[in-house]
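In what follows, a structure is listed as structure tokens, so that the remarks can point back to it.
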Amino acid sequence: MSRIVISGASGDLGRRVTKLLLDEDPGVELTLVTRTPEKLADRVAQGVPVLKGDYTDPESLDAAYKGAETLFLISGLNLGRRVSEHRNAIAAAQRAGIRHIVYLSVGGVEHPRNPAMSAKDHYQTEQDLRAAGITFTFLRNHLYAEIVSNIWIASVVESGRLEMACGQGSLSPVAKGDVARSAAAVLRESERHAGAVYEITGPELLSMHDIVRIGSEVHGTPITYVPLTEEERLAFFDSVGLPRTYDPNMPPSSEGHMWASDELVTADLAVAEGYQALLSHHVKLLTGREPERLRTVMERVKGVRYDQIEDEA
């Protein structure tokens with residue numbers, strides 16, 4: 001296997017994929033790239049190269065990507081700035097002679113009219129990669145089941161009301177572990193996946209009413225889904241002090257994540273308009289195992305803070 005660069009390696013998914021690759025083959029040629037190398041001191045101690053690389057600093061990427069053939073490009077978090085940051089990464093990959101980019105995109109219908117702000121960023125990056133002259137694979141991971149479980153449902157157990165602007169839409173939440181296993185499978189044999197686009201979904205297409213039913217059963221208390229309008233949803237976030245625009249310097253929420261209402265509400269609208277109503281069997285195709293059901297995820301991580309959820313192995 002040629003050298004693989006994991007860019008964004010200190011995040012949760014990067015850590016999971018690194019572990020899977022090393023567990024499968026301790027001799028795998030890996031370079032881990034992150035803005036915060038100190039967070040990967042454990043890998044440095046194991047002899048895994050860890051380099052500083054920042055999507056906003058092209059020179060750092062030039063040094064970090066040098067000598068690799070495959071790049072796992074884990075998308076940045078900076079909403080609205082992802083496109084320019086990803087373009088920096090793609091250009092650095094070209095200069096470094098990288099031959100294949102495996103890009104972690106977002107699930108759903110990739111369409112310029114998809115209202116989700118994050119989808120617009122990922123759509124443009126996919127177009128940029130198609131034009132870059134580098135072999136690509138797109139992994140379009142759908143909404144994490146852990147978010148549905150521990151941010152959507154756990155936060156409303158007391159009130160019994162899940163209020164969102166998702167209309168009567170459906171989605172197929174996928175466990176983080178299944179996303180990581182799918183990515184690792186592609187990286188192990190990247191040449192087999194040249195030009196492929198995978199929708200990384202869970203095993204069920206669920207309505208919002210299905211989701212609250214499962215939540216009610218797991219938590220042993222009635223939960224009802226209450227559809228809101230876009231304006232009502234924005235007003236709620238305004239009332240709790242959530243900023244409307246994402247800022248990478250904003251303090252994390254109580255769940256350990258950084259949210260802004262423009263991203264959250266447009267993601268709701270994408271569900272309402274049917275852009276998330278996709279179900280695939282690509283996880284099993286890539287990994288040979290069935291993806292984890294939402295109910296199983298919810299039972300497994302019940303009572304755990306979102307940012308403290310560990311890999312289930």
Next on the checklist: Within the 3.5 Å criterion, strictly below it, is a donor on His282 or Ser182 matched to an acceptor on the partner's side chain?
Outcome noted: no
Checklist entry - Can Lys176 and Glu146 be said to form a salt bridge (charged side-chain N to carboxylate O under 4.0 Å, His left out), step by step? => result CA-CA 7 Å; Lys176 285 187 174 185; Glu146 289 85 350; 6.0 Å; no
Item to check | Which atom of Gln46 lies closest to which atom of Arg43, heavy atoms considered | outcome: OE1-NH1, 2.7 Å
Checklist entry - Can a salt bridge be assigned to the pair Asp12 and Arg15 using a cut-off of 4.0 Å between side-chain N and carboxylate O? => result no
Next on the checklist: Within the structure provided, determine whether Lys52 and Ser60 are in side-chain contact (heavy-atom separation under 4.5 Å).
Outcome noted: no
Next on the checklist: Determine whether a donor-acceptor pair (N or O, by modelled atom type, separation under 3.5 Å) exists between the side chain of His142 and the backbone of Ser172.
Outcome noted: no
Checklist entry - Is any side-chain heavy atom of His219 closer than 4.5 Å to a side-chain heavy atom of Ile153? => result yes
Checklist entry - Are the side chain of Arg82 and the backbone of Gly76 linked by a donor-acceptor contact shorter than 3.5 Å? => result yes
Checklist entry - For the hydrophobic clusters of this structure (ILVMFWY residues joined by side-chain heavy atoms under 4.5 Å, transitively), does one cluster hold both Leu264 and Leu228? => result no
Which pairs would a plain distance check flag for residues 160-171, meaning a side-chain donor or acceptor within less than 3.5 Å of a matching protein atom at least two apart in sequence or in another chain?
from, atom 1, to, atom 2, distance (Å)
Arg161, NE, Glu163, OE2, 2.9
Arg161, NH2, Glu163, OE2, 2.8
Gln168, OE1, His209, NE2, 3.1

Next on the checklist: Let's go through Arg99 and Thr135 carefully: what are the C-alpha distance in whole Å and the side-chain angles of both, what is the deciding distance for side chain to side chain contact (heavy atoms under 4.5 Å, CB included) to 0.1 Å, and is it a yes or a no?
Outcome noted: CA-CA 6 Å; Arg99 298 169 59 188; Thr135 300; 5.9 Å; no
Item to check | Check: Ser239 side chain, Phe236 main-chain N or O, donor-acceptor pair, under 3.5 Å | outcome: yes
Checklist entry - Shared ILVMFWY cluster between Val186 and Val174, side chains joined below 4.5 angstrom? => result yes
Checklist outcome for this item: Nearest heavy-atom approach of Arg130 to Val197 is NH2-CG2, 4.0 Å
Next on the checklist: Could you check whether any side-chain heavy atom of Ser280 comes within less than 4.5 Å of a side-chain heavy atom of Tyr198, counting everything from C-beta outward?
Outcome noted: no
Checklist entry - Step by step, would you call His111 with Tyr275 a side chain to side chain contact (heavy atoms under 4.5 Å, CB included)? => result CA-CA 9 Å; His111 191 290; Tyr275 288 94; 4.0 Å; yes
Checklist outcome for this item: d(Glu290 CD, Asp178 CG) to nearest 0.5 Å is 9.5 Å
Next on the checklist: Can you confirm whether Arg213 is buried at CZ, in the sense that more than 12 heavy atoms of other residues, nucleotides or ligands lie under 6.0 Å from that atom?
Outcome noted: yes
Checklist entry - If you group Ile, Leu, Val, Met, Phe, Trp and Tyr by side-chain heavy-atom gaps below 4.5 Å, do Val83 and Ile134 land in one group? => result no
Checklist entry - Does the side chain of Arg305 come within less than 4.5 Å of Asn150's, by heavy atoms? => result no
Checklist entry - Partners of Ser7 by side chain to side chain donor-acceptor pair (under 3.5 Å), sequence neighbours excluded? => result Tyr55, Tyr65
Item to check | Over 12 foreign heavy atoms within 6.0 Å of NZ, Lys66 | outcome: no
Checklist entry - In the single-linkage hydrophobic clustering (I, L, V, M, F, W, Y; side-chain heavy atoms under 4.5 Å), do Leu143 and Val283 co-cluster? => result yes
Next on the checklist: Hydrophobic clusters here meaning ILVMFWY residues chained together by side-chain heavy-atom distances under 4.5 Å, can you tell me if Leu139 and Val17 are in one?
Outcome noted: yes
Checklist entry - Can you name the closest pair of heavy atoms from Ala89 and Leu73 and give their distance? => result CB-CD1, 3.7 Å
Checklist entry - Between the side chains of Ser207 and Asp210, does any donor sit under 3.5 Å from an acceptor? => result yes
Item to check | Which atom of Thr70 lies closest to which atom of Ser190, heavy atoms considered | outcome: OG1-OG, 3.6 Å
Checklist entry - Do the charged groups of Arg244 and Glu263 touch, with an N to O distance under 4.0 Å? => result no
Item to check | Test item: Thr36 side-chain N/O and Lys39 main-chain N/O as donor-acceptor pair under 3.5 Å | outcome: no
Checklist entry - Judged by modelled atom types alone, do Glu110 and Asn114 share a side-chain donor-acceptor pair under 3.5 Å? => result no
Item to check | Residue pair Leu104 / Val179, side-chain heavy-atom distance below 4.5 Å | outcome: yes
Checklist entry - Between Arg95 and Asp62, is the closest basic N to carboxylate O distance under 4.0 Å? => result yes
Checklist entry - Is there a donor-acceptor contact under 3.5 Å from the side chain of Thr296 to the main chain of Glu292? => result no
Next on the checklist: Restricting to non-hydrogen atoms, name the atom on Val109 and the atom on Leu278 that form the minimum distance, rounded to 0.1 Å.
Outcome noted: N-CD1, 3.9 Å
Checklist entry - Is there a donor-acceptor contact under 3.5 Å from the side chain of Glu126 to the main chain of Ser105? => result no
Checklist entry - Tell me, do Thr31 and Val50 make a side-chain contact under 4.5 Å, heavy atoms counted? => result no
Next on the checklist: Given Thr137, which partner from the list His193, Glu191, His100, Arg192 fulfils the side chain to side chain donor-acceptor pair (under 3.5 Å) test?
Outcome noted: His100
Checklist entry - Salt bridge or not for Arg293 and Glu204, using N-O below 4.0 Å? => result yes
Item to check | Output field: ring centroids His122/Phe138 closer than 6.0 Å | outcome: no
Checklist entry - Going by heavy atoms in the side chains, are Leu51 and Leu32 under 4.5 Å from each other? => result no
Checklist entry - For the residue pair Met117 and Thr266, what are the closest heavy atoms and their distance? => result N-OG1, 3.1 Å
Item to check | Pairwise side-chain contact, Ile6 with Leu21, heavy-atom cut-off 4.5 Å (strictly under) | outcome: yes
